[in-house]
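To start, the structure itself, in structure tokens.
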Amino acid sequence: MKSLNILYLGVRSGTCLDRARALQRLGHQVTQFDPRHMLPRTGWTDRVTWHLGGQYFGPWLARALNQTLKGQTYDLCLVDSGEWMTPAVVRLLKRYATKVISYCIDDPTGPRDWRRFTAYRRALPFYDLVVVMRERNVQEVRNLGAKNVLRVFMSADEVSHAPRVITPQDQAQWQAQVLFLGTWMPERGPFMLELIRRGVPLTIQGSHWAKAPEWAELQPYWRGDALAGDDYARAIQCAQINLGMLSKGNRDLHTTRSMEVPALGGFLCAERTSEHESLYQDGVEAVFWKDAAECAQLCTHWLSNESGRKALSQAGRIRLQRNGHLNENVMQHILSKAYS
């Protein structure tokens, strides 16, 4: 494929930034703007978006984009997430870009974030391609008017999730026997508490855990807030076992962690789902559990088997690479679909 001039609309951090950089590594010219920076700089913007919907900020965004993009033309615009992209905004983008694609890693047709993604759902008929992460999203977005739909798996990044060289200082700072790296959600507190009561040497790292009703018992096992970049990578690499929890509200059957842990050479111990079992061979490339009791049993077994953990982690990384759920592969697949 020839080099494209791409307008990328999404936050300049996290997995969104990883995807924009993957397009650059593929040889495309990428100009990225963060739509949030074009909206009122107040916390109320986020509160209104989450609780009432992003559609109320469509006029702000349209004015800002029209001013920012004046005189520019692009081969393609990729909208990452899209909670503020009303039909009017997408039609505006088509004045500047030949094709406009939607990519959403969240669950915009699910119940948890239904209000947040009101604008997204209304704008679906106006995109040239709609990319979703869940099989159930495919028919849901089609029912809402999406004409061209592609389902992909979430992906790790070839650069951000490449294994680091681990120093003795890194090991001392980040070592953990069983690590859960993630945000508190209501169903996660009871699960972690049961692991602790079953004797699992647990470390919790992530945001909002003080909200948990179980906080008094969980606090001694909490190491700190969310991590990013090199610290995130080193924490996973220095953990003997990494727990993979799903977001029930997002109807997940896999998450980005399902790819990032193996990419970094970590040991993945995740909830058993049909998608996890299609991604990795249980007991050989990852291990899966159905509840906290089985998870605790697996942790106890594998903590005492260092050579087995290393072999499984290596096999999981090889399988991820064979599966191809990495950003450059996924971005190339999306572009090929858009131009097919």
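Not measured: the values here are computed from a predicted model.
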### Task
Kindly say whether V159 contributes a backbone atom to a donor-acceptor pair with the side chain of D157 at under 3.5 angstrom?
yes
### Query
Are K94 and F126 in a cation-pi setup, meaning NZ or CZ lies under 6.0 angstrom from the ring centre and within 45 degrees of the ring axis?
no
### Query
Are more than 12 heavy atoms from other residues, nucleotides or ligands located less than 6.0 Å from atom CD of E277?
yes
#### Entry: Gap between atom CD of Q297 and atom CZ of R198 - 0.5 Å precision
7.0 Å
### Task
Output every pair passing side chain to side chain donor-acceptor pair (under 3.5 Å) with a member in residues 49-65, not counting sequence neighbours, ordered by first then second residue.
T49-W84
#### Entry: V11 backbone acceptor or donor facing Q32 side chain under 3.5 Å
yes
### Query
Does the distance from a Lys or Arg side-chain N to an Asp or Glu carboxylate O, for R134 and D252, drop under 4.0 Å?
yes
### Query
Hey, any chance F180 and M259 share a hydrophobic cluster, counting ILVMFWY side chains that come within less than 4.5 Å of each other, even indirectly?
no
### Query
Is a side-chain donor or acceptor of R36 paired with a backbone partner of P40 at a separation under 3.5 angstrom?
yes
### Query
Hey, quick one: are Y74 and L4 part of the same hydrophobic cluster, counting side-chain heavy atoms closer than 4.5 Å, chains of contacts allowed?
no
### Message
Just verifying a value: how many Å separate L326 CG and Q332 CD, rounded to the nearest 0.5 Å?
### Response
13.5 Å
### Task
Spell out, yes or no, whether Y8 and L76 are grouped together once hydrophobic residues are joined by side-chain heavy atoms under 4.5 Å, including indirect joins.
yes
### Task
Using the rule that two of Ile, Leu, Val, Met, Phe, Trp, Tyr join whenever any of their side-chain heavy atoms come within less than 4.5 Å, decide whether L9 and F57 are in one cluster.
yes
### Query
Looking only at atom types and distance, does a side-chain atom of T68 sit under 3.5 Å from a main-chain N or O of L65, one as donor and one as acceptor?
no
#### Entry: Connected via hydrophobic side-chain network under 4.5 Å: V178 and W289
yes
### Task
Compute both the distance and the angle, then confirm whether R151 meets the cation-pi test with F153: under 6.0 Å from the six-membered ring centre, within 45 degrees of the axis.
yes
### Query
How far does CG of N329 sit from CD1 of I334, to the nearest 0.5 angstrom?
11.0 Å
### Task
Kindly assign one of parallel, tilted or perpendicular to the pair Y127 and Y120, based on the angle between their ring planes and the thresholds 30° and 60°.
tilted
### Verdict with reasoning, T15 to R19, per side chain to side chain donor-acceptor pair (under 3.5 Å)
CA-CA 6 Å; T15 63; R19 289 185 285 275; 3.3 Å; yes
### Message
So does T183 get a backbone contact from the side chain of R188, meaning a donor-acceptor N/O pair under 3.5 Å?
### Response
yes
### Listed once per pair and sorted, the side chain to side chain donor-acceptor pair (under 3.5 Å) pairs that draw on residues 199-210, sequence neighbours left out
Q205-R223
## Note on the structure
D291 meets the side chain to side chain donor-acceptor pair (under 3.5 Å) criterion, sequence neighbours left out, with none
### Message
Quick check for you: to the nearest 0.5 Å, what is the distance between L218 atom CG and W184 atom CH2?
### Response
11.0 Å
### Task
List for me each residue that meets salt bridge (Lys or Arg N to Asp or Glu O under 4.0 Å) alongside R319, sequence neighbours excluded, and say none if there are none.
E285
### Message
Treating R41 as the side-chain partner and H37 as the backbone partner, does any N or O pair qualify as donor plus acceptor under 3.5 Å?
### Response
yes
### Query
If you measure from NE2 on H254 to CE on M133, what distance do you get to the nearest 0.5 Å?
7.5 Å
### Those residues that, when tested against R197, pass side chain to side chain donor-acceptor pair (under 3.5 Å) (two or more places apart)
E217
### Task
Could you tell me whether the side chain of K99 and the main chain of D75 form a donor-acceptor pair under 3.5 Å?
no
### Lys/Arg N to Asp/Glu carboxylate O, R164 vs D230, below 4.0 Å
yes
#### Entry: Shortest non-hydrogen contact from R112 toward S247
NH1-OG, 3.3 Å
## Note on the structure
With sequence neighbours left out, the residues meeting side chain to side chain contact (heavy atoms under 4.5 Å, CB included) with Q24 are R21, V30
### Query
Can you list the steps and then say if N148 with D128 is a side chain to side chain donor-acceptor pair (under 3.5 Å)?
CA-CA 7 Å; N148 192 14; D128 296 289; over 6 Å; no
## Note on the structure
Interatomic distance, CG@D46 vs CD@E83, rounded to 0.5 Å, equals 9.0 Å
